[in-house]
Amino acid sequence: MFIFSSTIILMGAQIGQNFINIILSANVSRPHHLQISTEYFLDQKVYFYLPFFHINIAMAIGCIAIVATGTMLIAYLQHACGMFEIASYRIERAIQFYVTKNINLQSEIRAYKGIIHAVDIHRKATTFSNHLISEFEISFMFLILVGVLSLSLNIFRVFQIVLIEYNTEELLVNLIFAFMCFIYMFLSNFVGQQIIDHNNHVFLTAYKVRWYSTPLPVQKLILFLLQRGNKSFGLHVGGLFIASLECFSTLFNASVSYFTLMYSMR
């Protein structure tokens with residue numbers, strides 16, 4: 001919603017300014033400026049609206065691609081979170097059914113099946129998450145690099161505009177781009193943090209249930225599940241980053257550090 005509304009605001013601000021200039025017409029020529037400095041093989045003073053709409057349509061297509069891709073990946077990872085929740089629910093219900101019902105062979109078999117299904121769903125959720133990340137690993141590494149550099153450059157440009165040449169329109173454009181990079185970086189790492197939290201919740205549920213009231217074979221199954229909890233699970237990207245709020249803090253600090261370096265060398 002923010003990306004789409006920002007694109008519309010950028011287009012409307014410049015078109016609205018031109019209409020105001022027409023309404024408050026004066027015998028003074030007012031130059032047109034594009035949001036992005038680029039070169040066209042035509043006279044931009046005469047054919048201003050052709051490159052203007054070309055740039056904005058290209059930006060709108062890029063925004064749609066970014067939003068669609070990000071939304072699709074978030075939906076896939078939310079599906080993995082749902083699988084982890086189902087695994088937690090099956091463990092809790094299996095032990096609860098055994099404890100609250102009459103302790104007999106049938107309830108014991110049902111407890112076995114519940115825990116086995118929970119372990120199987122947990123395994124499928126981790127496999128699904130790892131497979132999804134491995135398919136887009138190169139793209140994610142490229143996005144991390146572009147996101148950090150874009151955020152640094154836009155912050156640097158904002159400070160330049162504020163301190164040297166105060167251009168409201170250009171300042172708005174760079175602020176929006178910087179905020180978009182910030183939001184995209186935060187959301188991607190926030191979903192990774194949700195995967196970690198939901199995975200940990202499976203083992204937390206196994207700790208909290210009344211496992212001591214179950215027979216020894218069921219306790220061995222729970223112990224087998226808890227042993228898997230000793231290994232941390234997360235969305236590894238390139239072996240360097242694990243999507244989490246801590247990773248987001250690291251990337252944001254890196255952007256600020258690059259901005260500080262560029263500002264000191266200007």
Side-chain angles (χ1 to χ4, degrees), residues 1-10 35-36 56 58-82 84 128-162 170-200 232-266:
M1 291 293 292
F2 174 78
I3 290 175
F4 285 130
S5 59
S6 300
T7 306
I8 294 172
I9 289 172
L10 286 176
Q35 306 103 308
I36 299 175
N56 283 279
M59 289 175 59
I61 293 173
C63 290
I64 291 172
I66 291 173
V67 172
T69 306
T71 306
M72 180 185 67
L73 293 174
I74 288 174
Y76 286 157
L77 293 174
Q78 287 295 321
H79 171 70
C81 291
F84 285 122
F128 173 77
S129 302
N130 288 328
H131 177 72
L132 180 65
I133 295 301
S134 64
E135 289 293 323
F136 297 96
E137 192 168 9
I138 298 176
S139 301
F140 287 155
M141 288 295 294
F142 178 75
L143 279 175
I144 290 173
L145 178 63
V146 171
V148 171
L149 291 178
S150 298
L151 185 58
S152 302
L153 292 172
N154 280 285
I155 295 176
F156 177 70
R157 184 56 184 156
V158 167
F159 271 78
Q160 272 190 329
I161 295 171
V162 172
E170 191 173 354
L171 177 65
L172 179 63
V173 171
N174 285 277
L175 279 175
I176 289 175
F177 276 122
F179 193 67
M180 285 169 57
C181 293
F182 180 85
I183 290 294
Y184 208 80
M185 193 182 299
F186 172 77
L187 286 178
S188 57
N189 285 281
F190 179 73
V191 176
Q193 183 66 47
Q194 282 189 316
I195 291 289
I196 296 174
D197 293 342
H198 282 80
N199 176 71
N200 293 336
S232 60
F233 176 76
L235 303 179
H236 294 260
V237 180
L240 299 174
F241 304 98
I242 301 177
S244 62
L245 294 179
E246 183 180 357
C247 179
F248 165 72
S249 177
T250 302
L251 295 178
F252 183 73
N253 289 334
S255 300
V256 174
S257 299
Y258 292 142
F259 155 70
T260 306
L261 179 63
M262 289 185 289
Y263 187 77
S264 62
M265 295 177 62
R266 65 185 176 90

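Under the side chain to side chain contact (heavy atoms under 4.5 Å, CB included) criterion, L149 pairs with L145, not counting sequence neighbours. With sequence neighbours excluded, no residue forms a ring pair (Phe, Tyr, Trp, His ring centres under 6.0 Å) with Y184. Every residue was checked against the ring pair (Phe, Tyr, Trp, His ring centres under 6.0 Å) condition with F142, not counting sequence neighbours, and none meets it. Evaluation of the ring pair (Phe, Tyr, Trp, His ring centres under 6.0 Å) rule for F248 yields F182, F186 as partners, not counting sequence neighbours. Qualifying side chain to side chain contact (heavy atoms under 4.5 Å, CB included) partners for I242, counting only residues two or more places apart in sequence or in other chains: I196, H236. For N189, the side-chain hydrogen bond (donor to acceptor under 3.5 Å, both in side chains) criterion is met by no residue, not counting sequence neighbours. For the side-chain hydrogen bond (donor to acceptor under 3.5 Å, both in side chains) test, no residue two or more places apart in sequence or in another chain qualifies with N130. Residues passing the side chain to side chain contact (heavy atoms under 4.5 Å, CB included) test with A254, sequence neighbours excluded: V148, Y258.
In this structure, the separation between CD1 on I155 and OG1 on T260 is 9.0 Å, given to the nearest 0.5 Å. Here the CG-SG distance, from L235 to C247, works out to 10.5 Å after rounding to the nearest 0.5 Å. Atoms CG and CZ, from N174 and F177 in turn, are 8.0 Å apart once rounded to the nearest 0.5 Å. Taken from CD1 in I176 to SG in C181, the straight-line distance is 12.0 Å, to the nearest 0.5 Å. To the nearest 0.5 Å, atoms CG (L73) and OG (S188) are separated by 10.0 Å.
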Test log, rule side-chain contact (heavy atoms from CB on, under 4.5 Å), inputs F252 and V256: CA-CA 6 Å; F252 183 73; V256 174; 3.9 Å; yes

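The two residues L77 and I195 have their closest heavy-atom pair at O-CD1, 3.5 Å.
Heavy-atom contacts from other residues, nucleotides or ligands closer than 6.0 Å to CD1 of I138 number 12 or fewer. Within a 6.0 Å radius of CD in Q160, other residues, nucleotides and ligands contribute more than 12 heavy atoms.
Under the side chain to side chain donor-acceptor pair (under 3.5 Å) criterion, the residue pairs touching residues 60-80 are Q78-Q194, with sequence neighbours excluded. The list of salt bridge (charged side-chain N to carboxylate O under 4.0 Å, His left out) pairs with a residue in residues 140-160, not counting sequence neighbours, reads R157-E165, R157-E170. Residue pairs meeting the side chain to side chain donor-acceptor pair (under 3.5 Å) criterion with at least one partner in residues 145-155, sequence neighbours excluded, do not occur; the list is empty. Judged as a salt bridge (charged side-chain N to carboxylate O under 4.0 Å, His left out), not a single pair has a partner in residues 129-140 (not counting sequence neighbours).
Side chain of S255 to main chain of L251: a donor-acceptor pair is present (N/O by atom type, distance under 3.5 Å, no hydrogens or angles).
Taking the six-membered ring where the residue is Trp, the centroids of F159 and F259 are separated by under 6.0 Å.
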